[in-house]
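The next block holds one structure in the form of structure tokens; read it before the comments.
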Amino acid sequence: MIPLQLILAQVLPQTPELPQAEAVLVGAGRVLAVGSRADLSARAPGAEVLDHRDLVLTPGLCDAHTHLVTYGFTLSQLGLHGARSVAEVQRRLAERAARTPAGEWIRGGGFLMSELGLSDYPSAADLDAVSPEHPVALYSRDLHMLWVNSRALALAGVHAGTPDPEGGQIVRPPLAAGLGCLLEHACELVSRVIPEPGPQAYLAAARASVDDLRARGFVSTHTMAFESPQAALALQELDRRGELGLRVWACLPHGELDAAERLGLGGSGGGGLFQWGGVKFFADGALGSRTAWLHAPGFADGSGTGIALDPPQLILERGRRALALGLSPVTHAIGDRANTEVLDVYDQLRPEAAARGIRLRIEHAQHLRPEDLPRFRGLVASLQPSHLPADAALIRELLPHAASLSFASRSLLQHGAVLAFGSDAPVTPPSAQDNFAASVLRTGADGLPVAPAEALTPEQVLWAHTRGPAVAAGWDDEGHIRPGSRAAFTLWDRLGGEAQALVL
């Protein structure tokens, strides 16, 4: 006989036919019934009882945007979240350098220029002052800028005469300041000379990230590519061993489409928890690095209109190839111009996507024009509300004219978009609590409101962290609690409060 378990809790099934319940009956990893305590106890008198009546039980949380294995690596790298000055970066770096063998790379990130009190890009000299013997590579929080020291530049062969690569920029400040920051594809000039970790290191990072998300209450995630191929191999190896612990919907970089076609790689899962599901594109950069692609007038400080990355025609052509494989086109677009351009492409891809039952996705959709909102109907808008507090001051400084439709969650929902919330870890930690707070309160780290009319209810945030990602991934058995659903839940002390995963 199949062992049965009866969960007693304050159940929010997230189904229109049953908004609340008292109990869930589970067997063989699936929900068998949902209803009252009395009815299910009578139906399965021998079931093991899991009594959580003081807690709220919901469908399991999904982080709809992570770079999963990269996040695992950052858990042991130099963390710069919360650094409020260059001096604080130097202090943390000096401490790490003191316990790192000379000549070994120091990697890390998590800083924001605005939080460091900078109005211009920092230089290599700032890092040289405390770590001249170690090559240093520090990513900005949005991962679109790399701050390096002179040792790293020398190892990469980057100097004042090095030309900018396509889709990237070497920041060239006044000669006295020197080089030190690389934007977008220019980051690869240095990242390609950093020694690649071995397979065991990738397995360890994959385990670390999975364990971290599970401890935070997550049962699944969508991982967004642009990691080493070793990252996906590590996740697949954990799945093969039965050790993955999270359901994973994974994206390929669009540059890997040729290999995917040769291998016949499609969007269906292989029976485990790992599934290829999307093909990732980048239409632009990010706000903090001033590389988001904007309509005129651009950034209010006169620094331009950002950087366009993957051309719309490329997204169109390769998007069609992705759809033919059963994979969803997934495009990073932060600036309002980037979103307009991607929507233009998606308007052409809609018929093919609809014929295959695939959702087209825009990641971030952070700054929008009013006229583009209706064009999101039926599309997945994958947002990261936890970025709002740190970006609030930047929005007021750089995009005051676009502030009312920054992180426009409510407007997108009202116009028929499928909301799917995530963190973009390691950009921010994978915290559902942060997304609840940012979505409901709409308050910046400076204490001032950001587009308060775009606030959501806690129940809407829960949907965007559960059923929304499931719809985006084509998972009919996740994001709600009904017979046949995956027995993967999140327990809360209160909705938006402390959370823990419960997978049976």
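The structure presented is a predicted model; accordingly, all values stated were derived computationally and were not measured. Computed from heavy atoms alone, side chains included, the values below leave out hydrogens, waters and symmetry copies.
The existence of a salt bridge linking Arg396 and Asp446 is confirmed by a sub-4.0 Å separation between a basic side-chain nitrogen and an acidic carboxylate oxygen. With salt bridges taken as basic N to acidic carboxylate O contacts below 4.0 Å, none links Arg442 and Glu454. With salt bridges taken as basic N to acidic carboxylate O contacts below 4.0 Å, one links Asp258 and Arg321. One finds a salt bridge joining Arg172 and Asp164 here, because a Lys/Arg side-chain nitrogen approaches an Asp/Glu carboxylate oxygen to under 4.0 Å.
Side-chain N/O atoms of His254 and Asp310 include a donor and acceptor closer than 3.5 Å. Side-chain atoms of Glu363 and His332 include no donor-acceptor pair closer than 3.5 Å. Checking Thr428 against Gln384 by side-chain atom types alone, no donor-acceptor pair falls below 3.5 Å. Glu227 and Tyr71 are not linked by any side-chain donor-acceptor pair at a separation below 3.5 angstrom, with hydrogens and angles left out of the test.
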Go through it in stages, so that I can follow the logic: the residues are Phe281 and Val345, the test is side chain to side chain contact (heavy atoms under 4.5 Å, CB included), and I'd like the CA-CA distance, side-chain angles, deciding distance and then a yes or no. CA-CA 12 Å; Phe281 303 89; Val345 170; over 6 Å; no

Could you walk me through whether Asp336 and Asp372 pass the side chain to side chain contact (heavy atoms under 4.5 Å, CB included) test, one step at a time? CA-CA 9 Å; Asp336 54 6; Asp372 282 333; 6.0 Å; no

With side-chain hydrogen bond (donor to acceptor under 3.5 Å, both in side chains) as the test, would you mind laying out the steps for Gln14 and His480 before giving the verdict? CA-CA 5 Å; Gln14 223 163 229; His480 44 208; over 6 Å; no

Begin from the C-alpha positions of His159 and Leu153 and carry the test side chain to side chain contact (heavy atoms under 4.5 Å, CB included) through to its verdict. CA-CA 7 Å; His159 49 80; Leu153 289 169; over 6 Å; no

Criterion side chain to side chain contact (heavy atoms under 4.5 Å, CB included) on Asn149 and Ile106, from CA distance to verdict: CA-CA 10 Å; Asn149 69 348; Ile106 296 176; over 6 Å; no

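For Asp239 (side chain) and Leu244 (main-chain N/O), no donor-acceptor pair under 3.5 Å exists by modelled atom type. Remark: side-chain polar atoms of Tyr346 are paired, donor with acceptor, to backbone N or O of Pro329 under 3.5 angstrom. Between the side chain of Asp142 and the backbone N or O of Ala286, no donor-acceptor pair lies under 3.5 Å. Put simply, the side chain of Ser131 never gets that close to the backbone of Asp128: no donor and acceptor are under 3.5 Å apart. The main-chain N or O of Gly422 is found under 3.5 Å from a side-chain atom of Asn435 such that the two form a donor-acceptor pair. Within the 3.5 Å criterion, the main-chain N or O of Gly217 finds a donor-acceptor partner in the side chain of Thr490. In this structure, Asp493 contributes its side chain and Glu498 its backbone to a donor-acceptor pair below 3.5 Å. Looking at Glu256, its side chain never comes within 3.5 Å of a backbone N or O of Pro253 through a donor-acceptor pair. Formation of a donor-acceptor pair under 3.5 Å by the Arg141 side chain with backbone atoms of Gly110 is found in this model. The backbone N or O of Ser303 lies less than 3.5 Å from no partner atom in the side chain of Arg290, so there is not a single donor-acceptor pair.
Counting only heavy atoms from C-beta outward, the side chains of Leu213 and Leu68 approach each other to under 4.5 Å. Annotation: side chain of Arg151 is not in contact with side chain of Val136 (no heavy-atom distance under 4.5 Å). Side-chain contact between Tyr202 and Pro197: present, with at least one pair of heavy atoms (C-beta onward) separated by less than 4.5 Å. Put simply, the side chain of Ser411 does not reach to within 4.5 Å of the side chain of Phe376, judged on heavy atoms. Put simply, the side chain of His367 reaches to within 4.5 Å of the side chain of Leu287, judged on heavy atoms. Side-chain contact between Leu456 and Phe421: present, with at least one pair of heavy atoms (C-beta onward) separated by less than 4.5 Å. Contact of the Ser220 side chain with the Glu478 side chain is registered, since non-hydrogen atoms from C-beta on lie closer than 4.5 Å. Side chains of Val69 and Gln230 form no contact here, defined as non-hydrogen atoms less than 4.5 Å apart.
In summary, of the residues considered (Met145, Glu88, Arg92, Arg84), a side-chain contact (heavy atoms from CB on, under 4.5 Å) with Phe111 occurs for Met145 alone.
Scanning both residues, Ala451 and Ser404, for their nearest heavy atoms gives CB-O, 3.6 Å. What you find for Ala333 and Val342 is that their closest heavy atoms are CB-CG2, 4.1 Å. Residues Gly285 and Leu309 share a closest heavy-atom pair of N-CD1, 4.1 Å. Looking at every heavy atom in both residues, Ile334 comes nearest to Ala338 through N-CB, 4.3 Å. Minimum interatomic distance between Gly468 and Val418 (heavy atoms only, all atoms of both residues): O-CG1, 3.8 Å. Residues Arg361 and Ala472 come closest through the heavy atom pair NH1-CB, 3.8 Å.
A distance of 13.5 Å separates CD of Gln275 from CG of Leu235, quoted to the nearest 0.5 Å.
Annotation for Arg107: atom CZ does not count as buried by contact number, only 12 or fewer foreign heavy atoms lying within 6.0 Å. When the shell of 6.0 Å around CD of Glu166 is examined, it contains 12 or fewer heavy atoms from other residues, nucleotides or ligands.
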Listing, residues 56-63 side-chain donor-acceptor contacts under 3.5 Å, not counting sequence neighbours, or none:
| from | atom 1 | to | atom 2 | distance (Å) |
| --- | --- | --- | --- | --- |
| Thr58 | OG1 | Trp492 | NE1 | 2.9 |
| Asp63 | OD1 | His65 | N | 3.0 |
| Asp63 | OD1 | Ser423 | N | 3.1 |
| Asp63 | OD2 | Ser423 | N | 3.4 |
| Asp63 | OD2 | Ser423 | OG | 2.7 |

Distance-only donor-acceptor pairs under 3.5 Å for side chains of residues 94-102, two or more places apart:
| from | atom 1 | to | atom 2 | distance (Å) |
| --- | --- | --- | --- | --- |
| Glu95 | OE2 | Arg91 | NH1 | 2.7 |
| Arg96 | NH1 | Ser76 | O | 3.4 |
| Arg96 | NH2 | Gln77 | O | 3.4 |
| Arg99 | NH1 | Glu95 | O | 3.4 |
| Thr100 | OG1 | Arg96 | O | 2.6 |

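Applying the ring-ring contact (aromatic ring centres under 6.0 Å, His included) test to Phe226 and every residue at least two apart in sequence or in another chain returns Phe282.
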